[in-house]
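Because the structure is a prediction, the values reported are computed rather than measured.
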Amino acid sequence: AYQTADILSALPGAARLSRPIRAFGPDLVILPDQGAPGMMLDLPKSAKILLLAHHNPSRFLDNPLLGQHSALDARLAIRLEQLAVNKAQRVVCPSAYMAETFRTSYRFTGPVDVIPNLIDEEELAAWNYAKDLDRQMRELKAEHKEALREFAKLEKRATNSSPSPRPTG
């Protein structure tokens with residue numbers, strides 16, 4: 001049970017940021033959902049809030065991969081976070097899963113956007129890290145062939161010109 005504690009511990013810092021943010025007078029404030037800092041911020045009326053919804057307490061419930069989490073803690077955290085969500089004009093999520101989790105957890109009538117995943121999963125699955133490192137090494141050696149030859153010559157000269165260690169004893 002840490003979701004509510006996380007929010008409560010973030011509130012004093014968020015409240016202290018209100019004055020400098022108001023003095024700056026931004027048109028847009030981008031806030032994370034975790035810790036619900038938007039709940040305590042007193043922003044200029046003209047400032048729009050974009051909420052980054054990447055952490056949702058409800059996703060920890062009934063998930064066999066994540067172990068036991070307190071349903072009471074999650075529900076309380078969601079109620080507190082709703083106060084921050086109420087101030088937002090737009091929400092951005094890192095995946096369709098998080099967007100759906102957001103929509104089912106909070107009351108929000110504004111747009112909820114998903115940042116597309118730019119990773120080509122087929123290419124990633126076909127990628128061979130060891131082969132790629134070998135390819136990079138070959139390219140670097142070819143690119144710096146002369147410098148490597150010169151270094152080898154200098155190393156050989158240094159080895160041949162250094163005095164031999166004298167036997168002791």
Side-chain angles (χ1 to χ4, degrees), residues 2-3 5-7 9-14 16-38 41 43 47-69 77 81 84-85 88-103 105 110-169:
Y2 73 92
Q3 309 287 343
D6 186 40
I7 293 169
S9 68
L11 295 182
R16 283 194 299 268
L17 286 173
S18 292
R19 185 179 299 156
I21 291 174
R22 285 181 72 76
F24 181 67
D27 296 326
L28 176 68
V29 178
I30 302 172
L31 295 175
D33 59 346
Q34 187 170 9
L41 285 177
L43 299 174
K48 303 289 184 217
I49 295 177
L50 173 66
L51 184 71
L52 301 178
H54 62 91
H55 176 85
N56 186 316
S58 68
R59 71 190 170 108
F60 293 98
L61 298 176
D62 301 322
N63 187 328
L65 300 175
L66 299 176
Q68 292 293 340
H69 289 273
E81 287 179 357
V85 168
Q89 285 74 41
R90 188 175 209 105
V91 173
V92 175
C93 299
S95 66
Y97 165 75
M98 287 305 296
E100 184 57 32
T101 303
F102 176 85
R103 286 185 186 105
S105 300
V112 177
D113 300 311
V114 175
I115 298 171
N117 183 349
L118 300 178
I119 295 174
D120 183 339
E121 292 182 20
E122 288 179 20
E123 184 177 327
L124 184 61
W127 182 52
N128 183 317
Y129 185 69
K131 281 185 180 179
D132 192 46
L133 286 176
D134 286 342
R135 178 192 55 77
Q136 289 178 35
M137 285 295 293
R138 285 191 307 275
E139 288 175 1
L140 286 169
K141 285 180 180 177
E143 185 179 337
H144 301 288
K145 190 175 188 176
E146 288 304 314
L148 289 169
R149 267 196 203 130
E150 191 62 33
F151 179 75
K153 286 179 191 176
L154 291 171
E155 187 178 34
K156 187 175 182 179
R157 266 193 251 148
T159 304
N160 292 338
S161 66
S162 64
S164 303
R166 296 181 182 215
T168 58

Pair up each side-chain donor or acceptor in residues 16-23 with any protein partner under 3.5 Å, not counting sequence neighbours, and list the distances.
{"residue": "S18", "atom": "OG", "partner": "A15", "partner atom": "O", "Å": "3.4"}
{"residue": "S18", "atom": "OG", "partner": "D42", "partner atom": "N", "Å": "2.8"}
{"residue": "R22", "atom": "NH1", "partner": "L43", "partner atom": "O", "Å": "3.1"}

*Taking only residues two or more places apart in sequence or in another chain, which ones pass ring pair (Phe, Tyr, Trp, His ring centres under 6.0 Å) with H55?*
F60
*Side-chain touch P57/E81, heavy atoms, less than 4.5 angstrom*: yes
*asked:* Using side-chain heavy atoms (C-beta onward) and a distance below 4.5 Å, is L31 in contact with L50?
replied: no
_Listed partners of N128 passing side chain to side chain contact (heavy atoms under 4.5 Å, CB included), at least two apart_ = A130, K131
*Identify, with sequence neighbours excluded, every residue that meets side chain to side chain donor-acceptor pair (under 3.5 Å) alongside E146.*
R149
_V112 backbone acceptor or donor facing R103 side chain under 3.5 Å_ = yes
*To the nearest 0.5 Å, what is the distance between NE2 (H54) and OG1 (T101)?*
13.5 Å
*Residues forming a side chain to side chain donor-acceptor pair (under 3.5 Å) with S58, sequence neighbours excluded*: N56, S105
*asked:* Could you measure the distance from the CG atom of L148 to the NZ atom of K153? Nearest 0.5 Å is fine.
replied: 12.5 Å
*asked:* Treating D113 as the side-chain partner and V92 as the backbone partner, does any N or O pair qualify as donor plus acceptor under 3.5 Å?
replied: no
_D27/K48 ion pair, N-O < 4.0 Å_ = no
_For Q136, give me all partners under side chain to side chain donor-acceptor pair (under 3.5 Å), at least two apart in sequence or on another chain._
D132
